[in-house]
Amino acid sequence: MKKWFLNIEFSIVGLVIIGMILKLLHLPLSDLILMIAFLTLAFIYLFFGLSTGKDVPKTISPFDNETPFSKIETFTLLAAGNSLSVCLVGILFQVLHWEGSEFMLMVGTIGSAVAMILVYFILRINQTAIYNFIFFRQLPITFMAAAMWYLGDKMSIF
């Protein structure tokens with residue numbers, strides 16, 4: 001993975017953590033910070049999934065590999081990026097108590113579980129760096145989305 005992609009990702013994750021702390025303290029602008037951070041992170045993972053195509057220039061692609069992806073690898077990364085984006089938007093909806101969060105969490109969790117299986121069996125051997133990147137980001141986000149989907153309205157922390 002390219003350094004600029006990782007730097008953007010880690011700074012947005014830091015913004016998510018700051019927004020969650022502000023939300024726990026019931027301070028103003030916490031909802032706005034959370035919306036910006038979660039939606040930006042969802043867009044980054046969506047871009048990650050969409051940037052595997054052959055038409056994407058090497059300068060904006062987050063991947064370092066020289067060989068092009070096969071069709072099944074492209075589909076796997078597209079599924080992983082899309083499911084992570086849906087999970088993050090569902091988590092945002094759940095934290096902000098908006099309608100439709102249960103449905104998005106359900107779709108994102110199931111899609112992410114299927115994508116994790118695909119990533120494990122398809123990318124683990126040929127693309128180990130990308131496998132390590134996506135699998136170890138997908139695992140905690142999927143578990144967080146599954147926990148929020150299971151808990152539903154019982155979450156009274158936020």
Side-chain angles (χ1 to χ4, degrees), residues 1-52 56 58-65 69 73-74 76-98 100-120 123-124 127-152 155-158:
M1 299 306 300
K2 291 185 180 173
K3 191 74 172 167
W4 64 266
F5 189 81
L6 296 174
N7 289 340
I8 291 172
E9 181 191 24
F10 287 138
S11 61
I12 298 302
V13 168
L15 193 60
V16 167
I17 293 170
I18 290 170
M20 292 297 244
I21 291 170
L22 293 177
K23 181 78 173 171
L24 285 172
L25 296 174
H26 301 291
L27 294 175
L29 294 178
S30 63
D31 291 348
L32 179 65
I33 292 172
L34 282 173
M35 277 193 317
I36 291 170
F38 271 114
L39 291 176
T40 304
L41 197 58
F43 176 74
I44 286 172
Y45 288 132
L46 182 65
F47 173 73
F48 173 84
L50 293 175
S51 63
T52 58
V56 177
K58 288 237 182 244
T59 55
I60 65 169
S61 175
F63 304 108
D64 280 336
N65 60 339
F69 294 108
E73 290 172 343
T74 301
T76 301
L77 290 172
L78 181 66
N82 286 342
S83 63
L84 279 176
S85 296
V86 173
C87 280
L88 287 169
V89 172
I91 291 170
L92 171 69
F93 273 47
Q94 184 73 22
V95 168
L96 297 181
H97 304 288
W98 290 351
S101 63
E102 292 84 14
F103 181 73
M104 274 195 275
L105 287 171
M106 177 187 64
V107 170
T109 303
I110 293 170
S112 191
V114 170
M116 274 196 312
I117 293 169
L118 288 173
V119 165
Y120 181 77
L123 296 177
R124 183 174 46 102
Q127 305 282 347
T128 52
I130 296 172
Y131 164 75
N132 288 334
F133 174 82
I134 196 69
F135 189 79
F136 293 113
R137 278 159 178 77
Q138 201 167 14
L139 198 61
I141 292 173
T142 303
F143 281 135
M144 185 185 306
M148 288 187 159
W149 178 34
Y150 175 73
L151 292 174
M155 288 183 44
S156 61
I157 296 173
F158 300 108

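Cys87 and Ala145 get closest at one heavy-atom pair: SG-CB, 3.9 Å. When all heavy atoms of Gly19 and Leu34 are compared, the pair lying nearest together is C-CD2, 3.7 Å. Contact detail for Tyr45 and Ser85: the closest heavy-atom pair is C-OG, 3.9 Å. Minimum heavy-atom separation, Gly111 to Ser83: C-CB, 3.6 Å.
Atom-to-atom distance recorded for Leu105:CG and Ile110:CD1 is 11.0 Å, nearest 0.5 angstrom. Taken from CG in Leu92 to OG in Ser101, the straight-line distance is 10.0 Å, to the nearest 0.5 Å. Rounding to the nearest 0.5 Å places CG of Leu41 at 9.5 Å from CD1 of Ile91. The distance from atom CD of Gln127 to atom CZ of Phe133, rounded to the nearest 0.5 Å, is 13.5 Å. Taking CG of Leu39 as the start and CZ of Phe43 as the end, the distance is 11.5 Å to the nearest 0.5 Å. Going from atom CZ of Phe69 over to atom CG of Leu123 covers 7.5 Å, rounded to the nearest 0.5 Å.
Annotation: side chain to side chain contact (heavy atoms under 4.5 Å, CB included) contacts of Ile33 (sequence neighbours excluded): Leu15, Leu22. Residues passing the ring pair (Phe, Tyr, Trp, His ring centres under 6.0 Å) test with Tyr131, sequence neighbours excluded: Phe135. Partners of Glu9 according to the salt bridge (Lys or Arg N to Asp or Glu O under 4.0 Å) rule, which considers only residues two or more places apart in sequence or in another chain, are Arg137. Looking at residues two or more places apart in sequence or on another chain, you find a side-chain hydrogen bond (donor to acceptor under 3.5 Å, both in side chains) between Asp31 and Lys23. Partners of Arg124 under the side-chain hydrogen bond (donor to acceptor under 3.5 Å, both in side chains) rule, at least two apart in sequence or in another chain, do not exist in this structure.
A side chain to side chain contact (heavy atoms under 4.5 Å, CB included) with Thr40 is found for one member of Ile12, Leu88, Val16, Ile8 and no other, namely Ile12.
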*Begin from the C-alpha positions of Leu84 and Phe48 and carry the test side chain to side chain contact (heavy atoms under 4.5 Å, CB included) through to its verdict.*
CA-CA 10 Å; Leu84 279 176; Phe48 173 84; over 6 Å; no
*Val95 and Met20: CA distance, side-chain angles, deciding distance, side chain to side chain contact (heavy atoms under 4.5 Å, CB included) verdict*: CA-CA 9 Å; Val95 168; Met20 292 297 244; 4.0 Å; yes
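Residue pairs satisfying the side-chain hydrogen bond (donor to acceptor under 3.5 Å, both in side chains) criterion with at least one member in residues 105-117, sequence neighbours excluded, are listed as follows: Ser112-Gln138, Ser112-Thr142.
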